[in-house]
Amino acid sequence: MLEIKEYEDVIQIRMSREWEGKALYWVAAYLVDGLLVDTGCAHTAAELVEFLAGKKLAMVVNTHFHEDHVGGNARIEKYFSVPVYAAPASISIIAGKPFLYPYQEFVWGRPEPSPVLPVPAVITTPLYTFEVMATPGHADGHVALLEKNRGWCFSGDIFARQKPKFIRPEEDMGETIRSLERIMAAAPDKLVLFTSVGRIVENGRAALEENIRYLRDLARKARTLQQQGHSETEIVVELFGGEHLFAQMTDGQYTTANLIRSVLKMSH
Ligand SMILES: [Zn+2]
């Protein structure tokens, strides 16, 4: 299922597999002046192509290789023959067969391998200029697109919420903070975040600051407990009351323990 919303010149396309009449989990792509940022998951690829038919579409950028961001690539290439770009580090992954856990297959489906081109440092559309910023932390090769004149940032998954409670094992919170700081340094005062989880955050700067403050604070608390001799599991219990239910639902992938492990690795 698709839900469409407009914000200034940007069209938000929220997509989710429908299960028993309900949305399982939303992911958002954005269409702006012929540029499509991300392509959703395999389960919604046909609906996305249907929505795009007749719209202005000149190119696609994948913010990163995760299956809920590249799932529509192959079908879009087939029907619209437009270039699809991603960071060099993501290209071979998007062109290959990803390893997926059962929950990923169920919620998002398996993306068809698709050829993608290295994303240029700057993307221009007839009306806008987007700076392509390397923003690792959530995934290697993650990029965010910044339109400085409008204060728009298509932030992919580098920012999802101010206070994350669980992350995947490969996420690096120290790297994430550096990426968020890079966005803030490059962005104008007025910053709107177009996130992949579907939130359009108007006061983007304050949201990023809160996210960084939260992670640093969490790191401080976790480190203190570690110095007192507490184990990782005990720290999770102490700070969050135990592991999040999401851990079970995601084959042990999204966990609070991963978050604690990552913040403990952060330099002071
Ligand atoms: Zn992701």
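FYI, the numbering just counts along the sequence from 1. Whatever order the structure lists ligands and atoms in, that order sets their numbers, starting from 1.
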*Whichever hydrophobic residues join V132 through chains of side-chain contacts under 4.5 Å*: Y7, V10, Y30, V32, L35, V37, M59, V61, Y85, L117, V119, I123, L127, Y128, F130, V143, L145, W152, F154, V192, F194, I200

*Residues Y101 and Q253: side-chain donor-acceptor under 3.5 angstrom*: yes

*Are E67 and R110 within salt-bridge range, i.e. N to O under 4.0 Å?*
no

*asked:* At less than 2.8 Å, how many protein N/O/S atoms surround the Zn ion (ligand 1)? Leave waters out.
replied: 4

*Quick one: do R75 and E112 make a salt bridge, cutoff under 4.0 Å?*
no

_A quick test of your reading: do over 12 heavy atoms of other residues, nucleotides or ligands sit less than 6.0 Å from CG of D172?_
yes

_To check you understand the geometry: which heavy-atom pair defines the closest contact between V82 and E77, and what is its length?_
O-CG, 4.2 Å

